[in-house]
Amino acid sequence: MTGTQGGVRGWVAARKGAWSRLRFTSLRLRLVVVFGLVALTAAVFASGIAYWLNREAVLTRTQDAVLRDFQQEMQNRAGALPEYPTQDELQHIAGQMANSSQRFSVLLVGEDADGKAVYGNSGGLSGFSLQEVPASLRAAVNKEQDVTAGNKSPYHLYWQRVVDDGTPYLVAGTKVIGGGPTGYMLKSLEPEAKDLNSLAWSLGIATGLALIGAALLAQAAATTVLKPVHRLGVAARRLGEGKLDTRLRVSGTDELADLSRTFNRAAEALEKRVADMAARDDASRRFVADMSHELRTPLTAITAVTEVLEEELEAETGSMDPMIEPAVRLVVSETRRLNDLVENLMEVTRFDAGTAKLVVDYVDIADQITACIDARAWLDAVELDAERGIHARIDPRRLDVILANLIGNALKHGGSPVRVSVRVADGNEGADGDADGGELVISVRDHGPGIPEDVLPHVFDRFYKASASRPRSEGSGLGLSIALENAHIHGGEITAANSPEGGAVFTLRLPRDTSEPVPEAEKAEEDGSDSKGDAS
């Protein structure tokens, strides 16, 4: 049964492969079919015309020779018979007439002295008989016509082609001028029919050879035409893969050569445009990086000053003037926001430059999330649904950034409480509750109004503001974008959606192991100490 199924699958695969090749060469197939149809039509027309012309020529030549000989024999031999011949006389003359060069059968019909019909034929009793002559031909032969200036004889020679048992015959008849017997002639056209059949076979073979030649010619023409098209397709695919230095070799002055030149010019313009854009992009990244670095020095000094001012605000001595207290608080808040923005810009620059690296460690996910929430004093506003013992080999610092952005965004724009749940997808649970592989899924759900449908596709865009009327907010518009980049560098993904029960849901999916597996001894030591990995 298995062998039969394998054979069926092999046959189906072969058929699919054949159909795929047929579709792949559809243009080639159409060219071959068109060439073949044109060649077949031309060959059939030419063969038909040639057969018809040769057939008429062969039959006319044979017919004229036979009729001429028969008419001459009727004048020379039948005309010499007496007015009332006997059967023996008719039989003798018919035999002599049949021995002419054309070798036809002869039937002579006369009258004796008593007005009785007398017959004589060249083949004896089993020879040519009057019943084999078509009635229409007998009527035409025996019909007497008026003699006029244009018609000097009352009787004429008439002929007709008939087919008996698949064999063609020529039948003719006439009366002796001036009185005498009526003569009929039967000539087989089988030799001519065989010659015409041979001619038809020859023309059919010639048509087949012409069709094969046309197919080969079409194949050669298709190869000549489609080879540059194939090269153009390969070059276009290479260009789409980012190999912008791809060029086509141009030869000739035809339309395909013009197309190749156009492709080369387009590729050259695209390469120059991409190079210019890459240069501008590099310059922009350098500018952002340099600006961020340059801002860190004055920000450090400003931050130190604002910390002093914040301590004065929190002191109970009341030394701060109440009139300037709101301004001082604004300076402290905006300084922190500016400091966060500079740090985010530097992080984005590292992602764009491709210099962001992972420093992985083997951590307990529940401990990692708890540490993130505790460090930001979110314990009262966040519900954690995560079992201890779910470990993953990830970068703790970057996971902390992801969680801080997702939870902070939920608290800021959603509604409390925010629920964080952890599960393992597609993993095989071990005896210790850990999984050997699979995917780590962390969901962050709030209880707010959710995300508008027109905003969902843009929530991870940089500097995107959901409300155009409030372009300035506490956030920089980079948090979710940085969280997504950190997920990507782990080989994971973040998606945003609205829960059917209300509120927004951000789902983080990360592989359990983003690097080489941890040795079993190291893993056992970490599990025994029950400690989470330190952030790097």
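- Taking every heavy atom of both residues into account, Pro396 and Val359 meet most closely at CD-O, 3.6 Å.
- For His447 (side chain) and Pro417 (main-chain N/O), a donor-acceptor pair under 3.5 Å exists by modelled atom type.
- Atom CG of residue Leu456 and atom OG1 of residue Thr495 lie 10.0 Å apart, to the nearest 0.5 angstrom.
- Contact between Phe506 and Ala496 at its shortest, heavy atoms only, is CE2-CB, 3.6 Å.
- Of all non-hydrogen atoms in Gly389 and Asp364, the two that sit nearest each other are N-OD2, 2.9 Å.
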Could you go through Leu411 and Asp446, starting from their C-alpha distance and side-chain angles, then the distance that decides it, and tell me whether this counts as side chain to side chain contact (heavy atoms under 4.5 Å, CB included)? CA-CA 7 Å; Leu411 291 172; Asp446 60 47; over 6 Å; no
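- The two atoms that bring Ala366 and Leu384 nearest to each other are O-CD2, 4.2 Å, heavy atoms only.
- Residue-environment remark: CD (Glu387) stays at or below the threshold of 12 foreign heavy atoms within 6.0 Å.
- Classified by interplanar angle (parallel below 30°, tilted 30° to 60°, perpendicular above 60°), the ring pair Tyr362/His391 is parallel.
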Assess whether side chain to side chain contact (heavy atoms under 4.5 Å, CB included) is satisfied between His488 and Leu484, documenting all intermediate values. CA-CA 6 Å; His488 286 169; Leu484 183 63; 3.5 Å; yes
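- Contact annotation: the side chain of Thr262 approaches that of Arg265 to within less than 4.5 Å [non-hydrogen atoms, C-beta and beyond].
- The stretch residues 376-386 participates, sequence neighbours left out, in these side-chain hydrogen bond (donor to acceptor under 3.5 Å, both in side chains) pairs: Arg376-Asp400, Glu383-Arg419, Asp385-Arg419.
- At a threshold of 4.0 Å, the pair Asp276-Lys272 counts as salt-bridged, since one of the basic side-chain nitrogens sits closer than that to a carboxylate oxygen.
- Atom CD in Gln368 sits 11.5 Å away from atom CZ in Arg397 (nearest 0.5 Å).
- Here the OG atom belonging to Ser443 is positioned 7.5 Å from the CZ atom belonging to Arg509, to the nearest 0.5 angstrom.
- Considering every non-hydrogen atom in both Leu510 and Gly492, the closest pair reads CD2-CA, 4.0 Å.
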Could you walk me through whether Leu399 and Ile365 pass side chain to side chain contact (heavy atoms under 4.5 Å, CB included), step by step? CA-CA 9 Å; Leu399 178 61; Ile365 300 302; 4.2 Å; yes
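- The only option from Leu508, Ile402, Val418 that meets the side-chain contact (heavy atoms from CB on, under 4.5 Å) definition with Val444 turns out to be Val418.
- Remark: Ile394 CD1 to Arg512 CZ distance equals 10.0 Å, nearest 0.5 Å.
- Side-chain atoms of Ile442 and Leu406, non-hydrogen and from C-beta on, never get closer than 4.5 Å to each other.
- Side chain of Asn409 to main chain of Asn405: no donor-acceptor pair is present (N/O by atom type, distance under 3.5 Å, no hydrogens or angles).
- Summarising the geometry of Leu248 relative to Ala235, their closest heavy-atom pair is CD2-CB, 3.7 Å, with the distance given to 0.1 Å.
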Full working for side chain to side chain contact (heavy atoms under 4.5 Å, CB included) between Glu271 and Arg247: CA-CA 11 Å; Glu271 183 179 21; Arg247 298 293 184 274; 2.7 Å; yes
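- In this structure, the side chain of Arg398 does not engage the main chain of Val360 through any donor-acceptor pair within 3.5 Å.
- Side chains of Asn498 and Glu453 form a contact here, defined as non-hydrogen atoms less than 4.5 Å apart.
- One N or O on the side chain of His490 and one on the backbone of Asp395 form a donor-acceptor pair closer than 3.5 Å.
- One finds the CG atom of Leu239 at 9.0 Å from the CG atom of Asp245 (value rounded to the nearest 0.5 Å).
- Taking CG of Leu270 as the start and OG1 of Thr246 as the end, the distance is 10.5 Å to the nearest 0.5 Å.
- Ionic pairing of Arg261 and Asp258 is present here: one or more N-O contacts between side-chain nitrogen and carboxylate oxygen are shorter than 4.0 angstrom.
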